[in-house]
Amino acid sequence: MRLATPGRKNGWALFKGLAFASPFIIGFLVLYAWPILASGYYSLADFSLFKPPRFIGLANYQRMLGDAKFWKSLYNTLFFTCIGVPVDITLSLIGAHILNMKLRGQALWRALVYLPSIVPAVAAGFLWRWLLNSQYGFVDEIARSLHLPQPAWLADPLWGSIAVVVVLMWTVGGTMLIYHAALKDVPHELYEAAELDGASHWRRFLDITWPMVSPVTLFQIIVLMIAFLQVFTQPFVLSKDPGLATQSAVGPGDSMLSYSIYLFQNAFTFLKMGYASAMAWVLLIVTLAITLLLLWSAKKWVFYGNR
Amino acid sequence: MHTLSARGALKSALGVAAAVALTVGLAGNAYAQTQITFSYLWGGAEGKALEEIIADFNASQKDIVVKGVSSPDMTKQLASMSSAKGAFDISDNFASNIASWANQGILLPLNDYKIDVSDFPDNVMKQLTVNGQLFSVPIASHNFQLIYNKKLLDATGVKPPTTTAELADAIKKLTKVDASGNVTQLGLGLTDVAAGLKTIGYAFGGDWNRGDKPTPTDAKFVKGLQFYYDNVVAPVTPAAYNKFVAGFGPYMSDQDSFATGKMAMVIDGEWRSKFNTQAGMNWGVVPMPGETPALLGSTWVDVSTIFIPTNSPNKEAAATFMKYLISPPAMEKFSHVLGNLPARLSLTKSAVYNDLPNFTVWLEALNNPNTHGLPPSLYMSEYNTDLASAFDQMLQGLQTPQAAMQSVADRVASYQQ
Amino acid sequence: MAIAERAVASPRAVLLKLWGYVLVIGLALVFVFPFIVMLTTAFKVSSDIFSAPPQLWPHTWTLDNFAAALTELPFWRYLGNTVLIAVLSVLGTLVASPLVAYSLAKLHWPGRNLLFITVLATMMLPPQVTLIPIYMMWNGLGATNSYIPLVVPAFLGTPFFIFLIRQFLIQVPNELIEAAKMDGGSELFIYWDIVLPIARPALVTSAVFQFVWTWTDFLNPLIYLNDDDHYTLSVGLYSFLGEHGVQWGPLMAACVLFTLPAVVIFIIGQRYFIGGVAAGALK
């Protein structure tokens with residue numbers, strides 16, 4: 001760095017910078033750096049909250065490989081993510097186009113669409129548990145009146161996982177509003193030119209809209225992916241069998257057992273904190289891997305600006 | 001510090017004396033009444049009944065005031081016990097967790113409090129004593145028998161079964177399916193899947209925890225599981241079975257599955273006596289049918305226990321309250337109000353339970369050699385969770401009982417033992 | 001567009017508009033329908049709730065469920081607790097995050113870029129990784145079963161808000177700051193009197209988001225609060241389920257009560273919410 005003035009000025013700038021940033025620097029060290037290292041150590045140990053850690057090397061990770069529930073929870077979570085993220089993006093794009101039609105009452109529509117996102121996840125979980133009940137729930141009732149199949153959402157292992165995705169899709173309002181704003185930024189001239197050329201709606205979407213919003217899409221995919229990989233509250237509440245204090249499977253056939261729920265069980269129910277820490281590290285690596293993969297693939301389909 | 005003048009010294013002395021007097025005064029007041037927190041897993045009507053007992057205790061003496069808190073989540077219980085300062089002084093749980101928790105060092109050893117346990121059954125105390133040290137006391141015990149809807153049985157001309165063969169026959173006659181294949185009535189159902197399946201396993205002479213070790217693939221136990229699947233689930237198809245079960249109303253509410261006739265028979269515990277009667281049902285109960293007459297009444301005992309965590313702020317007071325809770329009069333009242341079995345053998349003959357219809361079937365089971373107790377095991381929590389998953393796989397028709405139990409057996413190696 | 005074209009609406013245009021309204025109402029309905037179910041169920045008697053096939057509208061309206069929820073659930077206490085934590089968290093965010101954002105946006109110092117990358121990286125970190133060590137830390141400090149673990153992190157800066165505010169501040173013209181510097185203002189003065197007021201929209205957005213996040217947080221209160229005196233609404237609602245073996249009527253009533261304050265805040269602060277949602281992703 002070239003210094004126009006003596007080092008003292010640079011030192012002062014450094015001090016100011018650090019001073020203002022100090023809350024986060026402390027926060028980072030205390031709430032991120034140290035815990036990450038500590039959990040790395042815990043993952044190599046056998047310990048519970050009440051006993052000191054005992055170093056056991058990679059035993060936790062080895063156990064993971066043979067743990068059928070671990071794979072099940074990973075599978076479930078990847079299911080939620082790989083189905084949930086594309087559906088989220090698709091629904092949001094469709095909804096954003098609808099919102100973009102020049103209609104009155106924009107504030108109302110936007111508010112209604114976003115409202116589910118601020119409902120506390122616990123309440124949403126209970127509500128959907130009620131809605132998806134095979135006998136008393138409204139979802140199957142509506143399906144019946146539309147002559148659509150009425151799956152046993154909370155009883156069938158396949159539909160159990162889908163039920164979780166449905167509940168998560170209830171909150172696509174956020175993504176929808178982001179796309180709504182992004183669509184507005186697409187220059188009209190491009191559409192008009194395409195219309196003059198005789199391009200169909202679909203063509204216009206594919207050739208203009210999609211590339212223009214692709215940076216937003218990339219960002220959203222990453223954000224949603226990270227969120228879905230960590231999903232906890234919705235499947236946790238959705239699967240809780242009310243009235244029974246004893247253990248039951250998490251969703252029919254453990255189909256709602258998300259990675260985070262299994263991690264939580266290991267940490268706080270079985271008191272296997274070493275194992276839970278190992279699981280957390282695997283999640284970190286999976287998240288990083290997918291993020292890097294997405295960023296790398298971005299070169300192929302993300303279009304920055306209209307230069 | 002500066003030098004003291006005579007006056008200054010006098011002032012200081014008076015100050016110190018005043019401080020001491022104040023402290024002693026305050027401390028004196030503090031010892032006059034200790035407040036302790038009793039956090040319990042019960043809720044709803046049962047919680048209210050428990051509050052009555054607590055009120056009795058508070059009224060009976062002046063030294064200790066017990067505050068009851070209903071906190072049904074076991075995870076929170078554990079979290080509190082992990083803190084340096086506990087959120088409660090005394091709490092309840094099931095015997096299956098005692099050994100594991102004692103091993104973690106979070107339960108207060110009770111030998112020093114000289115609690116008399118002679119009146120409690122051996123198969124109960126077995127679970128609560130680890131290496132000769134007592135860690136918890138039983139307050140109520142539970143066992144599971146075959147409850148039936150008299151009205152539905154009479155309508156079909158079926159007699160309450162005494163062997164599993166008769167049970168199979170009864171189930172066949174009492175299972176009803178409508179034209180589209182949907183179940184409208186189950187011959188036999190389970191409200192607590194794990195408890196019911198374990199009971200059936202015992203009815204065939206099997207044991208999921210034989211010789212104090214986890215034995216999910218015990219041949220006779222699997223035979224019992226296969227029995228349930230073959231007679232209840234398979235005939236109606238797993239899809240129809242699960243759809244029916246998923247649509248049940250909340251347990252022990254006015255939409256209770258048994259009370260609304262959705263199942264003609266159910267394997268459940270003694271607390272149903274009070275509930276079924278209040279629901280106005282015409283019902284009965286028989287000892288669990290066994291594969292052979294010798295196995296009649298095969299069941300297992302689940303015990304509700306009271307314990308004191310090691311981080312309890314007021315251990316002495318908690319112990320005093322604990323002794324009160326398990327004293328015959330308090331236990332009698334508590335078990336009667338909740339409709340639970342008393343843990344004390346002397347109370348099984350008490351006349352106070354006469355107003356609970358058919359309660360004797362469960363009471364007598366306490367003395368039956370076919371009633372199995374459980375050993376103190378470190379792995380119960382995980383084992384039960386794995387069993388729950390496996391039972392679910394089985395009932396969904398995704399795995400045969402043998403395969404499901406094998407998958408649990410594969411995990412047993414990683415249990416703490 | 002020619003004025004003549006706009007003056008007369010063609011039948012096709014009208015039909016298109018109508019179709020548009022159908023679509024948007026349909027869209028809104030899909031999102032709002034569960035709410036309606038929640039509301040109507042809260043007012044139903046048990047026999048109406050458990051009617052198969054289900055009926056949306058109650059035959060008999062009752063306030064019993066709300067009464068049950070309010071008496072069985074110490075609603076006001078939980079509400080108070082949740083408000084307290086939410087307000088403190090918002091305070092923490094407003095104090096700490098802009099400070100850090102300012103250091104990243106307007107100050108020039110070595111290591112600034114490193115810190116920015118760090119902020120971005122921590123945004124991607126799954127909380128599960130740090131959950132247990134942080135719990136152990138608070139446990140060791142004797143701070144479990146208190147609000148400290150729930151509130152203190154906000155005072156140490158939240159990566160997402162730091163990022164959001166920083167993106168906003170970058171767009172603030174430097175001339176204002178240069179002018180103040182030449183007038184001899186200290187950095188703190190510039191920050192407090194000039195930059196913060198300009199950053200108000202981003203601050204309000206952050207405040208509103210932080211409020212809703214804290215309001216709806218479940219996992220953290222679940223593991224850190226053991227005393228039912230201290231419970232927040234999330235955990236209280238969850239305990240309610242266990243305590244009452246689920247009576248759907250009171251449970252839905254409790255859900256309505258829980259959601260209501262969030263909805264009210266949302267309606268009031270709608271502009272900031274929705275503006276913030278878009279701003280956060282686009283910039």
Side-chain angles (χ1 to χ4, degrees), chain A residues 13-14 16-17 20-21 23-24 26-28 31-32 35-36 38-39 42 95 98 101 103 109-114 116 118-123 126-127 130-131 135-138 141 173-174 177-178 181-182 216 219 226 230 232-233 242-243 260 263 267 273 276-277 280-281 283-284 287 291, chain C residues 20-21 23-24 27-28 31-32 34 37-38 50 52-54 96 99-100 102-103 107-110 112 115 118 122 124-130 132-134 153 155-157 162 187 212 215-216 218-219 223 234 237-238 241 245-246 248 251 255 258-259 262-263 266 270 274 277-278 281-282:
Chain A
L14 178 65
K16 275 194 297 184
F20 273 86
F24 182 68
I26 299 173
F28 175 72
L31 296 175
Y32 292 99
I36 294 177
S39 95
Y42 289 150
I98 297 180
M101 296 174 146
L103 302 164
W109 309 127
R110 276 187 251 160
L112 289 179
V113 148
Y114 191 63
I118 57 159
V119 172
V122 178
F126 286 148
L127 180 60
W130 180 239
L131 286 170
Q135 253 197 310
Y136 305 113
F138 281 95
E141 178 63 11
L177 290 178
I178 291 174
V216 174
F219 182 76
I226 293 175
Q230 300 169 10
F232 175 80
T233 310
S260 287
L263 199 156
M273 299 207 157
S277 299
W281 267 85
L283 181 65
L284 175 64
T287 307
T291 307
Chain C
Y21 277 107
L23 282 178
V24 88
L27 182 73
F31 285 96
V32 167
V37 172
M38 182 165 76
F50 289 98
L99 278 173
V100 184
Y102 181 67
S103 127
L107 294 178
H108 301 276
W109 51 285
R112 183 178 87 157
L115 190 68
T118 309
T122 51
M124 299 212 207
L125 188 77
Q128 286 79 358
V129 178
T130 52
I132 294 169
I134 292 182
F155 284 89
L156 297 178
I162 296 175
E187 204 67 66
V212 173
W215 187 264
T216 60
F218 176 62
L219 186 58
I223 57 179
S234 287
L237 192 69
Y238 174 70
L241 174 74
V246 172
W248 284 106
L251 184 64
C255 284
F258 185 15
T259 311
V263 170
F266 172 73
Q270 210 203 94
I274 295 179
V277 161
L282 293 184

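Just so it is clear: chains get the letters A, B, ... in the order the sequence lines come, proteins before strands, and each one is counted from 1. Model, not experiment: these values are computed from the prediction.
- If you tally non-hydrogen atom pairs under 4.5 Å between each of Leu115(C), Leu107(C), Leu99(C) and chain A, the highest count goes to Leu99(C).
- Only the side chain of Ile226(A) comes within less than 4.5 Å of a heavy atom in chain C; its backbone stays farther off.
- Each of Val24(C), Val32(C), Thr130(C), Leu23(C) has some count of heavy-atom pairs under 4.5 Å with chain A, and the biggest count is that of Val24(C).
- Of all heavy-atom pairs between Phe31(C) and Val113(A), the closest is CD2-O, 3.8 Å.
- In terms of heavy-atom proximity, Pro35(A) sits nearest to Pro133(C) at O-CG, 3.4 Å.
- The contact between Tyr102(C) and chain A is made entirely by side chain atoms (from C-beta outward), counting heavy-atom distances below 4.5 Å.
- Using a 4.5 Å cut-off between heavy atoms, Trp130(A) contacts chain C through both its backbone and its side chain.
- Looking at heavy atoms from C-beta onward, Pro23(A) lies in side-chain contact with Val100(C) at the 4.5 angstrom threshold.
- Looking at Thr291(A), the atoms closer than 4.5 Å to chain C (heavy atoms on both sides) all sit in the side chain, from C-beta outward.
- Of all the listed residues (Trp109(A), Phe138(A), Phe232(A)), the one sharing the greatest number of non-hydrogen pairs under 4.5 Å with chain C is Phe138(A).
- Using a 4.5 Å heavy-atom threshold, the side chains of Thr233(A) and Thr216(C) count as separate.
- With rounding to the nearest 0.5 angstrom, the CZ atom of Phe126(A) is 10.0 Å from the CZ atom of Phe258(C).
- Leu283(A) and Pro126(C) get closest at one heavy-atom pair: CD2-CB, 3.7 Å.
- Contacts of Leu131(A) with chain C are made by side-chain atoms alone, with heavy-atom separations under 4.5 Å and no backbone atom involved.
- In this structure, the portion of Thr287(A) lying under 4.5 Å from any heavy atom of chain C is its side chain and not its backbone.
- When Ala28(C), Pro153(C), Pro127(C) are compared by the number of non-hydrogen pairs under 4.5 Å with chain A, Pro127(C) comes out ahead.
- For Tyr32(A), the parts sitting under 4.5 Å from any heavy atom of chain C are the backbone and the side chain alike.
- Contact count against chain C (heavy-atom pairs under 4.5 Å) is highest for Ser260(A) among Ser260(A), Ala267(A), Ala121(A), Ala276(A).
- For Phe24(A), the parts lying under 4.5 angstrom from a heavy atom of chain C are both the backbone and the side chain.
- The two atoms that bring Ala21(A) and Ser103(C) nearest to each other are CB-OG, 3.4 Å, heavy atoms only.
- Heavy-atom minimum distance, Ile132(C) versus Ser277(A): CD1-OG, 3.9 Å.
- Summarising the geometry of Gln128(C) relative to Ala280(A), their closest heavy-atom pair is O-CB, 3.5 Å, with the distance given to 0.1 Å.
- For chain C, the nearby parts of Met273(A) are the backbone and the side chain; heavy atoms of each come within less than 4.5 Å.
- Between chain C and the options Phe28(A), Phe20(A), Trp281(A), the largest number of non-hydrogen pairs under 4.5 Å is found for Phe20(A).
- Looking at Pro120(A) and Trp215(C), their side chains come closer than 4.5 Å, going by heavy atoms from C-beta outward.
- Interface residue Leu31(A): backbone and side-chain heavy atoms are both found under 4.5 Å from chain C.
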